[in-house]
Amino acid sequence: MKPRVLSGMRPTGKLHLGHLHGALENWRNLQNKYDCFYFVADWHALTTDYSDPSGIKESTFEMLADWLACGVDPSKATIFVQSHIKEHAELALLLAMITPLSWLERVPTYKEMKEELRDKDLATYGFLGYPLLQTADITVYKANYVPVGEDQVPHLELGREIVRRFNYLYGETFPEPQPLLTKVPKILGTDGKKMSKSYGNAIYLSDPPSEITEKIMKMYTDPKRLRRTDPGDPDVCGIFYLHKFHSSEENVFMVNRECRTAGIGCVDCKKLLLPSLIKELAPIREKREELIRKKHELEEIIREGDKKAREVARETLEEVREKLGLN
Ligand code: TRP
Ligand code: SF4
């Protein structure tokens, strides 16, 4: 039996290059080696967007289309929607009984995000419970590994503590989920900050060639390289990071050398990147468009995935209820 991997993403809209290189390529590799469960974390989206949930459904389909277009394969991985599997909620309720408030309050992302998203009122029970619900997502499938970025490690740490407490109180039930730390590559947006939908600096998997071209030609490069004759530093340049993913080894090598000596200018460097970037994104864009048009196919994939996920989740909850005297 293959070890189980579980990961989710909040449906916040169309995905961009940061998602492709930061998560989806990894998901695509993992599905060949592990028993992978990938899900749309729509309840988690509500923890921050409860005041306007109107976009969640549309975002769910957009995101699923992006996943599949990038090679996440429903014949290899179980793909489903969190809110369709009510067992997540039941387990979250039961785990809440044994989770001290202080454990939740000390998760570093809790205070940070509350500060960062100050325009939203996040003094809610649901937002505090974000990592607890995440723990239920993981344990309801008895997942062994969770591919996460550095920022999500504290959530998993908390999850492991809750698992240990559960196993101690009621007997060995859940494996302690381990992080599969993926080196999150640096993907910068057009303004030189981290690529993110909320910064409005993203290149989307749905962008047509004209838009990709426009965004790349306007994109920030090494901020210290003001004139064509100034030598640049590719290690601080978002264009160079994209070369590393989309250009041939020779071109990456050449850019790395010629940028430092002002042998190549930023405009030339961008023009060198564009054809391969556009060529690689074209089939993804076409595939996602086709999937969006054939929504019933997406719905069918989800129905299948839900069924498989539900079976596992039901079994876990039966065991849990019995251990808690609730059967
Ligand atoms: N918190 C994750 C995010 O940043 C989404 C998520 C919810 C998740 N439940 C999970 C990830 C369980 C891994 C495992 O969007
Ligand atoms: Fe970036 Fe290329 Fe300009 Fe160097 S030459 S700063 S790598 S865009």
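All ligand and atom numbering here is 1-based and tracks the order in the structure. Note that the numbering runs from 1 along the sequence shown for the chain.
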Go through R310 and E87 one step at a time and tell me if the salt bridge (Lys or Arg N to Asp or Glu O under 4.0 Å) criterion holds.
CA-CA 8 Å; R310 192 172 291 122; E87 282 78 1; 5.3 Å; no
Applying salt bridge (Lys or Arg N to Asp or Glu O under 4.0 Å), run through E290 and R293 and close with a yes or a no.
CA-CA 5 Å; E290 184 191 323; R293 270 198 308 275; 5.5 Å; no
If we number the atoms of ligand 1 from 1 as shown, the ones under 4.0 Å from a heavy atom of D137 are 7 (C), 9 (N), 10 (C)
Note: ligand 1 atoms sitting under 4.0 Å from heavy atoms of G8 are 5 (C), 6 (C), 8 (C), 11 (C), 13 (C)
Contact region, R10 to ligand 1, non-hydrogen atoms below 4.0 Å, reads both
Quick check on contacts: which atoms of ligand 1 are under 4.0 angstrom from a heavy atom of Q152?
1 (N), 2 (C), 4 (O)
E176 atom CD, over 12 foreign heavy atoms within 6.0 Å
yes
With a sphere of 6.0 Å drawn around CD of E249, does it hold more than 12 non-hydrogen atoms of other residues, nucleotides or ligands?
no
Taking the cut-offs as 6.0 angstrom to the six-membered ring centre and 45 degrees off its axis, would you call K323 and Y170 a cation-pi pair?
no
Atoms of the protein (N/O/S only) found under 2.8 Å from atom 1 (Fe) of ligand 2:
C237 SG
Does ligand 1 have a heavy atom under 4.0 Å from the side chain of F37, from its backbone, from both, or from neither?
neither
Might you confirm whether atom OH of Y34 has over 12 heavy atoms from other residues, nucleotides or ligands at distances under 6.0 Å?
yes
Within 4.0 Å of some non-hydrogen atom of Y130, the atoms of ligand 1 are 1 (N), 2 (C), 3 (C), 4 (O), 5 (C), 15 (O)
Heavy-atom count check: over 12 atoms from other residues, nucleotides or ligands less than 6.0 Å from E150 CD?
no
From the candidates L6, L156, V40, the one that places a heavy atom nearest atom 14 (C) of ligand 1:
L6
Does K120, at its NZ atom, have more than 12 non-hydrogen atoms belonging to other residues, nucleotides or ligands within less than 6.0 Å?
yes
Per-atom contacts of ligand 1 with V146, taking only distances under 4.0 Å to non-hydrogen atoms:
13 (C), 14 (C)
